[in-house]
Amino acid sequence: MRPTAPPSRPWDVRRPPRAEGKNFLVTGGNAGIGYFVAEQLAGTGATVVLGSRNPAKAEAAADSIRSRVPGARIRHIRLDLAELTSLRSSVETLEVDRLDAVVHNAGVALDDPPRRETRDGHELMFATNHLGHLALTRWLAPLLSAAAAARIVTVGSFAAKSERLDLDDLQSTQDYQAKRTYGRSKLAQMHFGLELDRRLRASGSPVTSVVVHPGGALDSLTPSRPPVHVRTAGERLRGLPAGLVLQGKHAGAWPAVRAVLDPQVAGGQLWGPRVFALRGTPRCERLWTHLADTAVAAQLWDVSCELADVDPRLGLVAREASGTQGACSDDSGAGAPYS
Ligand SMILES: NC(=O)c1ccc[n+]([C@@H]2O[C@H](COP(=O)([O-])OP(=O)(O)OC[C@H]3O[C@@H](n4cnc5c(N)ncnc54)[C@H](OP(=O)(O)O)[C@@H]3O)[C@@H](O)[C@H]2O)c1
């Protein structure tokens, strides 16, 4: 009789697999969801690097993680995604010989006008959330290629579901609405993550790209991690009703952590929370219909590489994209795109 393989245990967000010897970078790892992604990844024994534009905040976050994860291997580098020309030298300070995963988590969401621009003259949210991560990927390429099967995990948003890109006005110069521009910047990131995976597969690369989103994650539902985040008793009480449909940032981190660590997660997939895609444990979701528009993704790719002044091959891909993607293999029943 042939021995049967032991059944793989279901994913447990509180007991992710060990990852000693691996190196992970989390952008915006000093606060919010990124902090919890870093804390949870540090608990696996991996080396985790926080990418942060504020060294004092990053040090506070690293200290907090050290106090909760005995023996945590945690460091930080200065990383400002809004300064595209600084990213190459930021990567040079990483001091790793290979990178097993990067979580493109950092993000800026403005609520109100006026429209703001970076020093390079790009709209702030589009530049930080999308162009910054695209350029960062380019400079991380040699380190990602040096790992056995690196993953690029892009944190998108439910806010992108109802948005469509305006390829003639990607930087909202004509009709700026803060919330819409944010949603579109997240949509651009999600298109980028999926297009990147198509191009990686077409070029035969072992690197994969996965898109995740955290659902709705509120500070009032997030456990305290002083001094990084302090939740008062009053805030906790006031947040209780929202907890019926939304979750804390510790739980918002779960899809990204799973996308980094779970061998069952495949490139080109979309992962988000199980309950109405707003809260709960991570599951593979069907690709939203507009995310499967490869023509839009390809145009966005070309324009974005030009704006970020990086080679369209990003140092990772040799050929143009091809094929379909997004099929889920877990119990979510997903596969084909839906609207
Ligand atoms: N919370 C939600 O419900 C929700 C829903 C959908 C998607 N998301 C996405 O999830 C990600 C994390 O959200 P969050 O709620 O954790 O946000 P957050 O608490 O505001 O944290 C954002 C992080 O991004 C960093 N950041 C901002 N601009 C940066 C720049 N120019 N360079 C480097 N880092 C920068 C921030 O650094 P500083 O501390 O220096 O500001 C901070 O570490 C974002 O991509 C967001 O779009 C969140």
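Both counts, for ligands and for their atoms, begin at 1 and track the order of listing. Starting from 1, each residue takes its place in the sequence as its number.
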J.: Which ligand 1 atoms does S157 reach within 4.0 Å, using its non-hydrogen atoms?
T.: 6 (C), 7 (C)
J.: For the residue pair H122 / E117, report whether a side-chain donor-acceptor contact shorter than 3.5 Å exists.
T.: no
J.: Under 4.0 Å from a heavy atom of K57: give me the atoms of ligand 1 that qualify, with their elements.
T.: 38 (P), 39 (O), 40 (O), 41 (O)
J.: For residues L50 and A58, report the shortest heavy-atom separation together with the two atoms involved.
T.: CD1-O, 3.6 Å
J.: Numbering the atoms of ligand 1 from 1, which are under 4.0 Å from a heavy atom of G216?
T.: 3 (O)
J.: Closest non-hydrogen protein atom to atom 40 (O) of ligand 1, residue and atom name please, with distance?
T.: R53 NE, 2.9 Å
J.: If you define the side chain from C-beta out and look only at heavy atoms, does anything of V49 sit under 4.5 Å from F24?
T.: no
J.: Heavy-atom distance to atom 24 (O) of ligand 1: which of G34, G107, A253 wins?
T.: G107
J.: Are a donor atom and an acceptor atom from the side chains of N129 and S185 found within less than 3.5 Å of each other?
T.: yes
J.: Which atoms of ligand 1 sit under 4.0 Å from any heavy atom of T128?
T.: 28 (N), 29 (C), 30 (C), 31 (N)
J.: Apply side-chain contact (heavy atoms from CB on, under 4.5 Å) to residues E123 and T181 and explain how you reach the verdict.
T.: CA-CA 9 Å; E123 190 284 320; T181 297; 3.4 Å; yes
J.: After noting the C-alpha distance and the side-chain angles of H104 and Q189, does the key distance pass the side-chain hydrogen bond (donor to acceptor under 3.5 Å, both in side chains) rule?
T.: CA-CA 9 Å; H104 289 333; Q189 282 190 270; over 6 Å; no
J.: Which is it for H213 and ligand 1 at heavy atoms under 4.0 Å: side chain, backbone, both or neither?
T.: neither
J.: Give the residue, atom name and distance (to 0.1 Å) of the protein heavy atom nearest atom 46 (C) of ligand 1.
T.: Y182 OH, 3.5 Å
J.: Going by the atom numbers of ligand 1, which of them fall below 4.0 Å from some non-hydrogen atom of A82?
T.: 31 (N)
J.: For atom 28 (N) of ligand 1, decide whether some protein heavy-atom distance is shorter than 4.0 Å.
T.: yes
J.: Among all protein heavy atoms, pick the one closest to atom 42 (C) of ligand 1 and tell me residue, atom and distance.
T.: A31 CB, 4.0 Å
J.: Checking H130 against S304: is there a side-chain donor and acceptor pair closer than 3.5 Å?
T.: yes
J.: For P214 versus V155, what's the shortest heavy-atom pair and its separation?
T.: CD-CG1, 4.1 Å
J.: What protein heavy atom lies closest to atom 34 (N) of ligand 1? Include the residue and the distance to one decimal.
T.: A106 CB, 3.5 Å
J.: Assess, by modelled atom type and distance only, whether the side chains of E163 and H290 contain a donor and an acceptor separated by less than 3.5 Å.
T.: no
J.: What verdict does the side-chain contact (heavy atoms from CB on, under 4.5 Å) test give for L25 and L99, after you've listed the backbone C-alpha separation in whole Å, the side-chain angles of each residue and the deciding distance to 0.1 Å?
T.: CA-CA 8 Å; L25 169 65; L99 190 64; 4.1 Å; yes
J.: Distance under 4.0 Å to a non-hydrogen atom of L79: what atoms of ligand 1 satisfy this?
T.: 32 (N), 33 (C)
J.: Can you check whether G51 has an N/O within less than 3.5 Å of an N/O in ligand 1?
T.: no
J.: Looking only at protein heavy atoms, which one is nearest to atom 1 (N) of ligand 1, and how far off is it?
T.: A217 O, 3.0 Å
J.: Just to be sure I'm reading this right: ignoring hydrogens, which of G215, A56, A159 gets closest to atom 5 (C) of ligand 1? Compare them by their nearest heavy atoms.
T.: G215
J.: Considering heavy atoms of the protein only, find what lies nearest to atom 43 (O) of ligand 1 and give residue, atom and distance to 0.1 Å.
T.: N30 OD1, 3.1 Å
J.: Starting from atom 18 (P) of ligand 1, what is the nearest protein heavy atom, named by residue and atom, and what distance separates them?
T.: K249 NZ, 4.1 Å
J.: For atom 11 (C) of ligand 1, which candidate among L50, L81, I33, N105 provides the closest heavy atom?
T.: N105
J.: For atom 10 (O) of ligand 1, which protein heavy atom lies nearest, and how many Å away is it?
T.: V155 CG1, 3.5 Å
J.: Examine the side chains of S64 and R225 and answer whether a donor and an acceptor come within less than 3.5 Å of each other.
T.: no
J.: Taking the six-membered ring of W301, is NZ or CZ of R199 closer than 6.0 Å to its centre and within 45° of its axis?
T.: yes
J.: For ligand 1, note which part of K186 has a heavy atom under 4.0 Å away: side chain, backbone, both or neither.
T.: side chain
J.: Do S224 and H229 meet the criterion of a side-chain donor-acceptor pair at a distance under 3.5 Å?
T.: no
J.: Is there a heavy atom of T27 sitting under 4.0 angstrom from any atom of ligand 1?
T.: no
J.: Heavy-atom pairs closer than 4.0 Å: do any link ligand 1 to the side chain of P214, the backbone, both, or neither?
T.: side chain
J.: Using every non-hydrogen atom in the two residues, find where S220 and G239 come nearest and quote the distance to one decimal.
T.: OG-CA, 3.8 Å
